[in-house]
Peer 1: 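Let me give you the structure first, and then I'll get to my questions.
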Amino acid sequence: MRDFFVPYIKDALHSAGIVTDRDIQIEKPTDKRFGDFSTNIAFLLSKELKRNPRELAGELIDHLSFPEGTVVRTEVAGPGFVNFHLDPAFIMREVREVLRSGAAFGCSTAGRGRKAIVEYVSANPTGPLTVGRGRGGVLGDCIANLLATQGYEVTREYYFNDAGRQMQILAESVRFRYMEACGLPVEFPDSHYQGDYIRDIAAELFREHGSSLNETENLQLFKESAEGIIFASIRKTLSRLSINHDSFFNEHTLYQAGAHGISPNQAVIDALDAQGFISRHENATWFLTTKLGQEKDKVLIKSSGDPSYRLPDIAYHVTKFDRGFSLMVNVFGADHIDEYPDVNEALKILGYDTSRIRVAINQFVTTTVGGQTIKMSTRKGNADMLDELIDEVGADATRLFFIMRSKDSHLNFDIDLAKRQSKDNPVFYLQYAHARICSLLRMASREIGFDVDAASGETLTRLAEPVEFELASALLDYPEVIQSCLRFLEPQKMVEYLHGIAELYHKFYQECPILKADPEVCAARLELSICVRQVLRNGFSLLGISAPESM
RNA sequence: GUGCCCGUAGCUCAAUGGAUAGAGCAUCAGCCUUCUAAGCUGAGGGUUACAGGUUCGAGUCCUGUCGGGCAUACCA
């Protein structure tokens, strides 16, 4: 809708003899007295032209003209705002687009022909997913959904490492528990994984093999069975949240020699070395990040000969470029904040365009039960598990709660609230609006033979109540909300928006009789309801929550 | 110590540098013989942590202070 104004404003500036290449910003004023839309262009121009903004605004509107039946009034207000008042019929005509496009309303082709990759969750298979991982998972999934609406070919990728020290500890942990299961005395180290799931895996091994594994020093079997069981459980948990990755990228492949006989890891070392950013001392291989202004150099290959996590991370990102992604989104938890800058610097040195990479960092999650805060913890058994949370509050509430706050804010997950089957719970508020419309349409179909599928929106221009215009106008914001979510990698804005739509609909429902209205108005209100239902459905689908037809 | 995030109504949180800082919960007062009251209407509630600065305009940007979280590994 905002795009509508831009060409006319540009034309007017041109014919007023004002030269600028500034972007025209269109805003939606908070106060309806200031019109349906406004622009601050006069302020921006006053800066560069050193002229009075009110004067500039005046010249602008003198040259401004819109097609018949669109903008009914343009005025200069305050210190230099230009406000536009729309013809209500214009809004109602535009709303027909919701019905025409249906599930595609809000989509664009901006990303057509471009490949995007969203990397999220990426937890190593050392244990069940924690609540904190869930937040990043849902965030990443929503971002992927958002990108898909813009025509990108989206890959949802999970990057993991099933080698290395953490997995070694995991294997040892299972072995200890296995020996316990065999009735042997063991002293379980504090440094190892304490969770009950380790016991379950050990018990499984004991069931299959009895105590025949007692003697073996080879941890491989312990590792593999633990990995298999844990990964299966992770994927099951994710699928409960409708998170389904297209691709699981095993870090191990970066250690294996490729076409030219060298591994991707080695290729990174060689390339950085060629640029003078590698040093070998203390038996290790270092990335000279001090040359880039950082405090310390970073180890890429440890004295043990194994790469530290940074090296494969860099090599992994090289594969993303090599695989032809023009947009790469990485979703990390706040605890991985320091991971990215080194990767970024290395990629720049290697000549890659790092502006194609966007990083979304989500802050931590605390859960509260009965007003008591339970802080998320990592390796100990007291971490709150994502699966238990889903058991407790359901998948829809889990997803919505994770993204209804800005990713930059610590999330306070109120379990009591999420469980409540009442109006306090935003999930129910949103879904209720959808169910209410479905119910209404069912009744309309039954009582007056209204054909929902035949609705074209032709009757919408009969509507005249303020709340109806407000609602219609809000529906037209939907495509811009998607853009805004993507600009900030912040699906939370969609939650806010949908909440506003639901609120307006409830208000409309309260104020305007629908089935009891005059038949022509009745049809128009039903059509408006269908539009609202469509936007709610589209939004729910982006957020990954269900759209119940009755509640 | 240093880096990143946060500090907004009693609570949980919004607000592309725009006009009188908004929602929900909680509190108080109303609305169901009428399409789902899981809803709606209204009221009260604020020195946007603090102090400066930038400009037509600052919750938003800059500097400093205070408070909270995360990170500061040859773990990932």
Side-chain angles (χ1 to χ4, degrees), chain A residues 25-27 29-31 33-34 38 40 42-43 46-47 52-54 77-81 83 122-124 126 160-161 164-167 169 251 282-286 294-296 298-310 312-313 333-339 341 361-364 366 368 371 375 404-412 414 417 420-426 428-429 431-433 435-444 447 480 483-484 487-488 492-493 495-496 499-500 502-503 505-517 522 525-526 529 550-551:
Chain A
Q25 296 175 24
I26 306 296
E27 294 160 351
T30 44
D31 191 325
R33 285 175 311 167
F34 298 138
S38 72
N40 62 355
F43 295 113
S46 79
K47 202 163 288 184
N52 180 306
R54 261 198 87 92
F81 291 100
N83 296 339
S122 295
N124 287 338
T126 56
F160 71 102
N161 177 15
R165 188 172 155 66
Q166 306 286 346
M167 292 302 286
I169 293 173
E251 181 184 317
E282 298 165 46
N283 236 349
T285 302
W286 300 75
Q294 295 191 27
E295 280 192 23
K296 295 183 209 164
K298 304 290 169 58
V299 169
L300 291 184
I301 299 179
K302 300 183 264 186
S303 53
S304 65
D306 297 321
S308 77
Y309 67 90
R310 283 190 189 83
D313 259 7
D335 54 336
H336 285 229
I337 186 93
D338 279 351
E339 184 169 319
I361 291 170
N362 63 280
Q363 297 298 316
F364 269 40
T366 55
T368 63
K375 213 186 96 188
M404 73 183 190
R405 303 296 181 224
S406 159
K407 66 181 190 304
D408 292 329
S409 294
H410 291 208
L411 175 63
N412 188 338
D414 185 339
L417 176 62
R420 219 169 294 159
Q421 309 264 317
S422 77
K423 62 180 178 175
D424 323 350
N425 186 338
F428 281 85
Y429 188 79
Q431 293 184 327
Y432 177 58
R436 200 174 209 187
I437 296 170
C438 290
S439 166
L440 175 74
L441 294 175
R442 276 195 301 272
M443 183 164 291
E447 304 288 325
E480 286 152 17
Q483 302 293 336
S484 179
R487 187 158 61 244
F488 299 98
Q492 182 263 338
K493 293 172 188 298
V495 181
E496 287 256 320
H499 191 274
E503 190 171 36
Y505 188 77
H506 289 311
K507 183 176 175 175
F508 159 71
Y509 186 93
Q510 200 75 27
E511 288 181 11
C512 304
I514 301 170
L515 296 180
K516 296 188 170 66
C522 168
R525 288 182 176 159
L526 286 169
S529 298
S550 64
M551 290 172 75

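Residue numbers start from 1 in every chain, and the chains themselves are labelled A, B, ... in the order their sequence lines are given, proteins ahead of strands. The structure displayed is predicted, hence computed values, not measured ones.
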Peer 1: Quick one: is A73(B) close enough that its OP1 or OP2 comes under 4.0 Å of any side-chain N or O from K298(A)?
Peer 2: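 Checking A73(B) against K298(A), no side-chain N or O comes under 4.0 Å of OP1 or OP2.
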
Peer 1: Would you classify C512(A) as touching base, sugar-phosphate or nothing, given that sugar-phosphate means primed atoms plus P, OP1 and OP2, and contacts are heavy atoms under 4.0 Å?
Peer 2: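 Answer is base: heavy atoms of C512(A) come under 4.0 Å of a base.
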
Peer 1: If you look at every strand shown and take non-hydrogen atoms under 4.0 Å, does Q483(A) touch a base, only sugar-phosphate, or nothing?
Peer 2: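 If one applies the 4.0 Å heavy-atom cut-off, Q483(A) turns out to touch nothing in the nucleic acid.
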
Peer 1: Could you tell me how far A58(B) sits from G45(B) if I compare only their P atoms? Round to whole Å.
Peer 2: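 It works out to 25 Å between them.
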
Peer 1: State whether the distance check finds a donor on one side and an acceptor on the other, under 3.5 Å, for side chain N40(A) versus base A19(B).
Peer 2: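 Answer is no: no donor-acceptor pair is held.
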
Peer 1: With a sphere of 6.0 Å drawn around CZ of R165(A), does it hold more than 12 non-hydrogen atoms of other residues, nucleotides or ligands?
Peer 2: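 No.
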
Peer 1: By nearest heavy atom, map A77(A) and D338(A) onto RNA chain B; which one lands nearer the 5' end?
Peer 2: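 It is A77(A), whose closest nucleotide lies nearer the 5' terminus.
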
Peer 1: Which part of the nucleic acid does S550(A) contact within heavy-atom distance under 4.0 Å: base, sugar-phosphate only, or nothing?
Peer 2: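 The answer is base, as S550(A) lies within the cut-off (heavy atoms under 4.0 Å) of a base atom.
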
Peer 1: Answer with base, sugar-phosphate or nothing: what part of the nucleic acid does E503(A) contact at a heavy-atom distance below 4.0 Å?
Peer 2: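 The residue E503(A) makes sugar-phosphate contact but no base contact.
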
Peer 1: Quick one: H499(A) NE2 to A23(B) P, roughly how many Å, whole number?
Peer 2: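 Nearest whole value for this atom pair: 11 Å.
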
Peer 1: When we call it a touch if two heavy atoms are under 4.0 Å apart, what does N362(A) touch: a base, just sugar-phosphate, or nothing?
Peer 2: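 Since no nucleic acid heavy atom lies under 4.0 Å of N362(A), the category is nothing.
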
Peer 1: Output the rounded distance in Å from CZ (F488(A)) to P (A15(B)).
Peer 2: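 The answer, rounded to whole Å, is 9 Å.
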
Peer 1: Would you check, one step at a time, whether the test side-chain hydrogen bond (donor to acceptor under 3.5 Å, both in side chains) holds for H506(A) with R436(A)?
Peer 2: CA-CA 9 Å; H506(A) 289 311; R436(A) 200 174 209 187; 3.0 Å; yes

Peer 1: Write down the partner of G45(B) under the Watson-Crick or G-U wobble criteria, each distance required to be under 3.5 Å.
Peer 2: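 With both distances under 3.5 Å required, G45(B) matches none.
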
Peer 1: Start with the C-alpha distance between Y505(A) and S529(A), add both sets of side-chain angles, then the distance that settles side-chain hydrogen bond (donor to acceptor under 3.5 Å, both in side chains), and finish with yes or no.
Peer 2: CA-CA 8 Å; Y505(A) 188 77; S529(A) 298; 2.9 Å; yes

Peer 1: Determine whether any donor atom in the side chain of Y309(A) lies under 3.5 Å from an acceptor atom in the base of A76(B), or the reverse, and answer yes or no.
Peer 2: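 Between A76(B) and Y309(A), which were checked side chain against base, a qualifying N/O pair under 3.5 Å is present.
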
Peer 1: Give Q431(A) one of three labels, base, sugar-phosphate or nothing, depending on what nucleic acid heavy atoms sit under 4.0 Å from its own.
Peer 2: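 No contact at all - Q431(A) keeps every heavy atom at 4.0 Å or more from the nucleic acid.
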
Peer 1: Answer yes or no for this row: F34(A) ring on A19(B) base, centroids under 5.5 Å, planes under 30°.
Peer 2: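 It does: the ring sits over the base of A19(B).
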
Peer 1: Would you mind telling me which residue lines up with the more 5' stretch of RNA chain B, S46(A) or H506(A), judged by nearest nucleotide?
Peer 2: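 Result of the comparison: H506(A).
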
Peer 1: Counting heavy atoms from C-beta on, name the nucleotide in G39(B), C35(B), A76(B) closest to the side chain of S308(A).
Peer 2: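 Nearest to the side chain of S308(A) among the choices is A76(B).
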
Peer 1: Would you say that more than 12 heavy atoms from the other residues, nucleotides or ligands in this model lie under 6.0 Å from the CD of E295(A), or not?
Peer 2: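 For E295(A), atom CD is not crowded (no more than 12 foreign heavy atoms under 6.0 Å).
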
Peer 1: Between U12(B) atom P and N425(A) atom CG, what is the distance in whole Å?
Peer 2: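 In whole Å, U12(B) P lies 18 Å from N425(A) CG.
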
Peer 1: Could you list, one pair per line, each protein nitrogen or oxygen that sits under 3.5 Å from a nitrogen or oxygen of nucleotides 4-9 of chain B, together with the distance?
Peer 2:
unit_1, atom_1, unit_2, atom_2, d
C5(B), O2', D408(A), O, 2.4

Peer 1: State whether the distance check finds a donor on one side and an acceptor on the other, under 3.5 Å, for side chain S303(A) versus base C74(B).
Peer 2: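 Per atom types, the contact qualifies.
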
Peer 1: Within the 4.0 Å heavy-atom criterion, would you say P513(A) contacts the bases, only the backbone, or no part of the nucleic acid?
Peer 2: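 Base, at least one base heavy atom under 4.0 Å.
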
Peer 1: Do we count Y509(A) as stacking onto G39(B) if the rule is ring centres under 5.5 Å and planes under 30°?
Peer 2: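 Whether judged by distance or by angle, Y509(A) falls short somewhere, so it does not stack on the base of G39(B).
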
Peer 1: Is K47(A) close enough to G57(B) that one of its side-chain N or O atoms is under 4.0 Å from OP1 or OP2 there?
Peer 2: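 False: K47(A) side-chain N/O out of range (4.0 Å or more) of G57(B) OP1/OP2.
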
